[in-house]
Amino acid sequence: MTETLKVAMPKGRIYKKAANLFRAAGLPIPIEVDETRKLVIALPELDMEFILAKPVDVPTYVEYGAADIGIVGKDVLMEENRDVYELLDLGIAKCRMSVIGLPNWQPGIQQRVATKYPNVASQYFREQGQQVEVIKLNGSIELAPLIGLADRIVDMVETGQTLKENGLVEMNQIFEITSRLIANRVSYRMKNGQIQSLCDRLQKALAAEV
Amino acid sequence: MSKPKGFEKPVGVRDYVPYAVDKLRAIERNVLDCMSRWGYRQIMTPTMEFYETVGVASSTSDQKLFKLLNNRGTTLVLRSDMTAPIARVVSSLLKEEPLPIRLSYHANVFRAFEEEAGREAEFFQTGVELVGDDSPEADAEVVALAIESLKAAGVASFKIAMGHVGFLNGLFEEVLSGRGNEQQAMKKHLLDRDYVGFRKAIGDLAINDEQREVLEGILRLRGNKEICDQASELSSHPLAQASISHLCKVWEVLEAYGVSEHVLIDLTMIGDFSYYTGMTFEGYAAELGFPVCSGGRYNNLLRQFGRDVPATGFALKTNRILDGVKGAVDEEKHPVLIRYTSAERREGLARAAELREQGRAVVTLLIQQESESLNKPDGMYDRVETFS
């Protein structure tokens, strides 16, 4: 008998792409699941259960074993630093983590960096040998340099459109971001067959796309 | 930080109320009994050790050690595991004891700054060390004992994943001969469980396609005994070959123990590679999100204390078992209540002594007034006897 595989799916931007990838891998996720407001969705014919979580919380659910596997962006993985298996690069929701500032930026005496990713930002600047003060914000990070809260920001860049419209420039890329398939340490062993076969199917679907 | 409120305690430590203690003690007793039936004798060591000796030798990373200063300014650590203290004792007090030495323990250990639930600062470990035997039999013995201990602790459904650090060391040395930094980087990816990073790094290495395939193949080395055969085809490096044949023999012994159904081989599993020197393993329970036991061979540790002998062992993470395991504990037995008037005190207390002799828990209560009604909350007492 196969057990139910609990899958933490990120709500919002990535969800649809991830669900389509599952479909491409031969796992028919019913279309109505895309629109539902339910948080836990049983998919008995697939021996799966979807848990719809806020993306930043997905690694937490997986680390604690509340979900067996999950789908989450590399940005969240880098920031949260959770002890999980990173099994597969799903290649979806591609973007990058970058340092952004005004075009005429000059290093000041006390440099401030605003970001939603304080761990990523402080680690990056430490590696660069720069001493900066990191300020955590929760959204609309682009505002910070425009109104003088910080002189630079660290944020995710997808198309660069928002930056352009606000007169900001990308100064350095920190790392590339795509969504990843992650697994709990125990589930990866206890439900190895199921997880491995899902992994293989997704990998095949990814190879076919290229 | 603001002044703590009266009920607060430092982050990462916890209280055990009687109900939890009953359960914890039951697990502890069952597991230690099981270990003693395998000839392991209990040892106790101090909570504090010198940083310079046990602290440095332990497998715990420096920033996770709980450090303090004594009144002479010497750095002490709260023990982060029992393996290093036991290595110290085996190399000093038990220096003349003939090998092999079998020791067991149940102890609280400390780790600094692991601030979230499931990452406690103080927790219990129950485990064994088998010192002075380098054979596959010894490795198999500790794995088999880990399995029996998990059963004794009441863990119903579990798996043990077993690997060998020598295999990866040999394989990397063959493919990336003399490129130490790249070898370290590849191992770091496996240690971080970052398979995406591992694959990406393979792509970036200056090696041929055949070698790439060998490295890719590592990620698939999980399963039953057939993995040994697959692995031995991947690398002809003598260290890798020796490791695989050792692991194969361990498996055969486990088959003879009749416990191989619980075991799988996972050569991607990599413990702290500076510490473990041979076979390593980790145990997983179905109802828990975190591993419940870990162990392996550490042949270099005792040398640091002046006695160069091989050793292997494991520890159960007893708290996690306590949190996750249902059942396994006997029904809670309520005490008998004996009430007596001052005139009947002698009889009442004699009866209490008699019942206690029989092993029952008894509480006594003096009846102040003849008319006093018995205030008996439901389920608090097994029964009530009155002497008046």
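Numbers restart at 1 for each chain; the letters A, B, ... are given by sequence-line order, proteins then strands. Computation of the quantities below employed the complete heavy-atom set of this structure, encompassing side-chain atoms and omitting hydrogens, waters and symmetry-equivalent molecules.
Note: R185(A) CZ to F290(B) CZ = 8.5 Å, rounded to the nearest 0.5 Å. Expressed to the nearest 0.5 Å, how far CG of D194(B) lies from CZ of R180(A) amounts to 7.5 Å. In this structure, the separation between CZ on R199(B) and CD on E86(A) is 10.0 Å, given to the nearest 0.5 Å. Taking CG of D192(B) as the reference point, atom CG of D83(A) lies at 9.0 Å (rounded to 0.5 Å).
Other residues, nucleotides and ligands contribute at most 12 non-hydrogen atoms within 6.0 Å of the OH atom of Y61(A). The 12-atom threshold is exceeded at CG of D204(B), counting heavy atoms of other residues, nucleotides or ligands nearer than 6.0 Å. The number of heavy atoms from other shown groups lying within 6.0 Å of CD (E158(A)) is above 12. In K136(A), the NZ atom is crowded: over 12 heavy atoms of neighbouring residues, nucleotides or ligands sit closer than 6.0 Å. Annotation: E210(B), atom CD; neighbour count of heavy atoms from other residues, nucleotides and ligands within 6.0 Å does not exceed 12. Under a cut-off of 6.0 angstrom, the local environment of CD in Q131(A) is sparse, with at most 12 non-hydrogen atoms contributed by other residues, nucleotides or ligands.
Using a 4.5 Å cut-off between heavy atoms, K191(A) makes no contact with chain B at all. Contacts of D68(A) with chain B are absent, with no heavy-atom separation under 4.5 Å from either backbone or side chain. Contact of D266(B) with chain A is made through the side chain alone, with heavy-atom distances under 4.5 Å. For N184(A), the part sitting under 4.5 Å from any heavy atom of chain B is the side chain, from C-beta outward, and nothing else. For a residue to count as touching a neighbouring chain, one of its non-hydrogen atoms must lie under 4.5 Å from one of that chain's; by this rule A286(B) touches chain A with backbone and side chain alike. No part of V62(A) comes within reach of chain B, as not one of its non-hydrogen atoms sits under 4.5 angstrom from that chain. With a threshold of 4.5 angstrom between heavy atoms, F158(B) approaches chain A through N, CA, C or O but not through any side-chain atom.
Counting heavy atoms from C-beta on, the side chains of R189(A) and P291(B) never come closer than 4.5 Å. Looking at K200(B) and D89(A), their side chains come closer than 4.5 Å, going by heavy atoms from C-beta outward.
Checking Y188(A) against R222(B) by side-chain atom types alone, a donor-acceptor pair falls below 3.5 Å.
V196(B) approaches L87(A) most closely through the heavy-atom pair CG2-C, 3.9 Å.
Ranked by heavy-atom pairs under 4.5 Å with chain A, the first of R220(B), H189(B), K159(B) is R220(B).
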